[in-house]
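Step one of this worksheet: look at the structure below.
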Amino acid sequence: MSTRLLTHLRHVDLAVPDYDKQLDFYAGVWGLTKVAEDSGISFLAAEGSPEQYIVRLRKAEEKRLDLISYGAANPADVDTLAEQLLAGGVQLISQPGKIDTPGGGYGFRFFDIDGRTIEVSADVEARRHRRIEEKESIPVRLSHVVLNSPNINATRAWYEQHLDFRLSDTMALPHVGDVMHFMRISNQHHSMAIASGPHASLQHLSFEMRGIDEYMRGSGRVMRSGARKIWGPGRHMAGDNTFTYFLDPHGNTVEYTTELEKLDEDTWHPHIYDLTKPENGDQWGTSNPMNEMVAKEMLNDVDRGVFVAPPV
């Protein structure tokens with residue numbers, strides 16, 4: 001594609017068996033605001049974001065990633081993208097049309113290379129939001145999503161070819177090769193990253209905080225709540241952002257972050273960072289070590305939401 005048609009990450013939708021426990025976590029200790037609820041589905045917003053919601057929770061028998069939603073500038077770009085994907089052999093789930101979720105809009109859905117459901121929409125009504133105040137330790141917005149894939153280079157190539165994501169940086173291990181690609185659709189270092197794993201799954205969701213102090217206050221609040229902290233606090237090399245990772249009640253990894261790097265896209269050249277060097281995982285050296293136990297937590301369960309195409 002010659003023109004980038006995606007503008008930003010809108011929301012991530014999760015299905016969980018223990019809906020009430022999950023809702024209590026995200027609308028309570030994690031700091032999101034429930035803006036709508038209907039028959040086992042709730043929509044959660046970030047107070048600093050114009051998005052109608054950044055997380056949707058749905059009660060279901062099985063835990064799964066329902067979909068990932070991105071924005072487009074206008075309906076014409078939505079139509080153009082749908083046409084390009086169809087011409088490129090991508091399987092559409094729905095044709096562009098009216099969206100019946102909070103804020104409305106115009107969009108469509110399709111499967112990515114790993115079988116995840118992706119949504120692209122435009123003309124979604126902006127939510128009335130507000131400035132997050134000093135020392136107010138709640139998320140400003142959804143920062144990025146990281147996905148596990150059994151073939152990260154094929155997944156990277158698919159997102160570059162069909163959605164015009166661009167590579168910002170790569171994490172690698174000697175004798176193993178690439179283990180994570182950081183991908184962008186704007187000057188934000190990454191809106192999505194692809195991590196190496198044995199199966200397709202959600203690796204983590206990241207939520208942007210107002211600043212360092214609010215990030216630390218929020219991390220402390222979640223720690224005091226009894227939620228399990230698996231890595232952090234620290235500061236990554238790739239993206240230069242802070243991190244503290246926790247597990248939500250269903251074992252999904254969620255992150256508080258701030259100060260994610262903004263790039264000059266005209267001059268940026270991707271780096272390859274060696275993960276055996278501790279400073280490439282955490283520049284500060286304040287976090288617990290990244291080891292096999294931490295990495296295993298982030299593999300998550302096999303995602304029951306992915307579509308597996310039948311053999312031809």
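All residue numbers in this chain count up from 1 along the given sequence.
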Q) Other than Phe243, which residues form its hydrophobic cluster under the rule that side-chain heavy atoms must be closer than 4.5 Å? A) Ile230, Trp231, Tyr245, Leu247, Met290, Val294, Met298
Q. In terms of the angle between their ring planes, are Trp30 and Tyr26 parallel, tilted or perpendicular, with boundaries placed at 30° and 60°?
A.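 Trp30 and Tyr26: perpendicular rings.
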Q.
Run the side-chain contact (heavy atoms from CB on, under 4.5 Å) test on Arg56 and Ile41 for me, step by step, so that the C-alpha distance in whole Å, both residues' side-chain angles and the decisive distance to 0.1 Å come before the verdict.
A. CA-CA 7 Å; Arg56 190 198 75 176; Ile41 296 178; 3.8 Å; yes
Q: Apply side-chain contact (heavy atoms from CB on, under 4.5 Å) to His204 and His144, showing your working.
A: CA-CA 9 Å; His204 76 262; His144 58 270; 3.4 Å; yes
For [X] and [Y], which heavy atoms make the closest approach, and how far apart are they?
{"X": "Leu67", "Y": "His11", "answer": "CD1-CE1, 3.8 Å"}
{"X": "Ala200", "Y": "Pro150", "answer": "N-CD, 3.9 Å"}
{"X": "Gly88", "Y": "His162", "answer": "O-CE1, 3.6 Å"}
{"X": "Ser42", "Y": "Lys34", "answer": "CB-CD, 4.3 Å"}
{"X": "Glu214", "Y": "Glu133", "answer": "OE2-O, 4.2 Å"}
{"X": "Asn288", "Y": "Gly232", "answer": "OD1-N, 3.1 Å"}

Does one hydrophobic cluster hold both [X] and [Y], with members joined at side-chain heavy-atom distances below 4.5 Å?
{"X": "Met171", "Y": "Leu173", "value": "yes"}
{"X": "Leu260", "Y": "Leu147", "value": "no"}
{"X": "Phe182", "Y": "Val176", "value": "yes"}
{"X": "Ile118", "Y": "Leu92", "value": "yes"}
{"X": "Tyr70", "Y": "Leu163", "value": "yes"}

Got a donor-acceptor contact below 3.5 angstrom from the [X] side chain to the [Y] backbone?
{"X": "Arg210", "Y": "Ile132", "result": "yes"}
{"X": "Lys21", "Y": "Pro249", "result": "no"}
{"X": "Trp268", "Y": "Ser168", "result": "yes"}
{"X": "Ser149", "Y": "Ser196", "result": "no"}
{"X": "Thr33", "Y": "Val35", "result": "no"}
{"X": "Lys98", "Y": "Gly105", "result": "no"}

Within the 3.5 Å criterion, strictly below it, is a donor on [X] or [Y] matched to an acceptor on the partner's side chain?
{"X": "Asp240", "Y": "His189", "value": "no"}
{"X": "Glu51", "Y": "His8", "value": "yes"}
{"X": "Thr117", "Y": "Arg109", "value": "no"}
{"X": "Ser69", "Y": "Glu119", "value": "yes"}
{"X": "His236", "Y": "Asn241", "value": "no"}
{"X": "His199", "Y": "Asn300", "value": "no"}

Please round to the nearest 0.5 Å and tell me the distance separating atom [atom1] of [X] and atom [atom2] of [Y].
{"X": "Leu167", "Y": "Arg184", "atom1": "CG", "atom2": "CZ", "value": "7.5 Å"}
{"X": "Asp169", "Y": "Glu261", "atom1": "CG", "atom2": "CD", "value": "7.5 Å"}
{"X": "Ile68", "Y": "Leu202", "atom1": "CD1", "atom2": "CG", "value": "7.0 Å"}
{"X": "Phe165", "Y": "Ser186", "atom1": "CZ", "atom2": "OG", "value": "9.5 Å"}
{"X": "Asp114", "Y": "Ile152", "atom1": "CG", "atom2": "CD1", "value": "11.0 Å"}
{"X": "Met209", "Y": "Tyr256", "atom1": "CE", "atom2": "OH", "value": "4.5 Å"}

Would you say the side chain of [Y] lies within less than 4.5 Å of the side chain of [X], judging by non-hydrogen atoms?
{"X": "Pro198", "Y": "Leu299", "result": "yes"}
{"X": "Asn252", "Y": "Gln22", "result": "yes"}
{"X": "Asp79", "Y": "Tyr106", "result": "yes"}
{"X": "Asp77", "Y": "Thr7", "result": "no"}
{"X": "Gln188", "Y": "Ser143", "result": "yes"}
{"X": "Phe108", "Y": "Val120", "result": "yes"}
{"X": "Asp213", "Y": "Lys135", "result": "yes"}
{"X": "Leu57", "Y": "Phe25", "result": "no"}

(Q) Among residues at least two apart in sequence or on other chains, which ones pass side chain to side chain contact (heavy atoms under 4.5 Å, CB included) with Val124? (A) Arg10, Gln52, Ser121
State which residues pass salt bridge (Lys or Arg N to Asp or Glu O under 4.0 Å) with [X]; sequence neighbours excluded, sorted by chain then number.
{"X": "Arg58", "answer": "Asp66"}
{"X": "Glu47", "answer": "Arg127, Arg130"}
{"X": "Glu125", "answer": "none"}

**Q.** Sequence neighbours excluded, every pair satisfying salt bridge (Lys or Arg N to Asp or Glu O under 4.0 Å) that has a member inside residues 270-297
**A.** Arg228-Glu297
Q: Applying side-chain contact (heavy atoms from CB on, under 4.5 Å), run through Ile185 and Leu9 and close with a yes or a no.
A: CA-CA 9 Å; Ile185 48 175; Leu9 178 65; 5.8 Å; no
Q: Decide, yes or no, whether a salt bridge links Arg116 with Asp303 under the criterion of side-chain N to carboxylate O below 4.0 Å.
A: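 So Arg116 does not pair with Asp303 through a salt bridge.
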Q: Applying side-chain contact (heavy atoms from CB on, under 4.5 Å), run through Leu81 and Leu6 and close with a yes or a no.
A: CA-CA 9 Å; Leu81 180 59; Leu6 300 186; 3.9 Å; yes
**Q.** Heavy-atom neighbours of Ile272 CD1 exceed 12 at 6.0 Å
**A.**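 Atom CD1 in Ile272 is not crowded, with 12 or fewer foreign heavy atoms closer than 6.0 Å.
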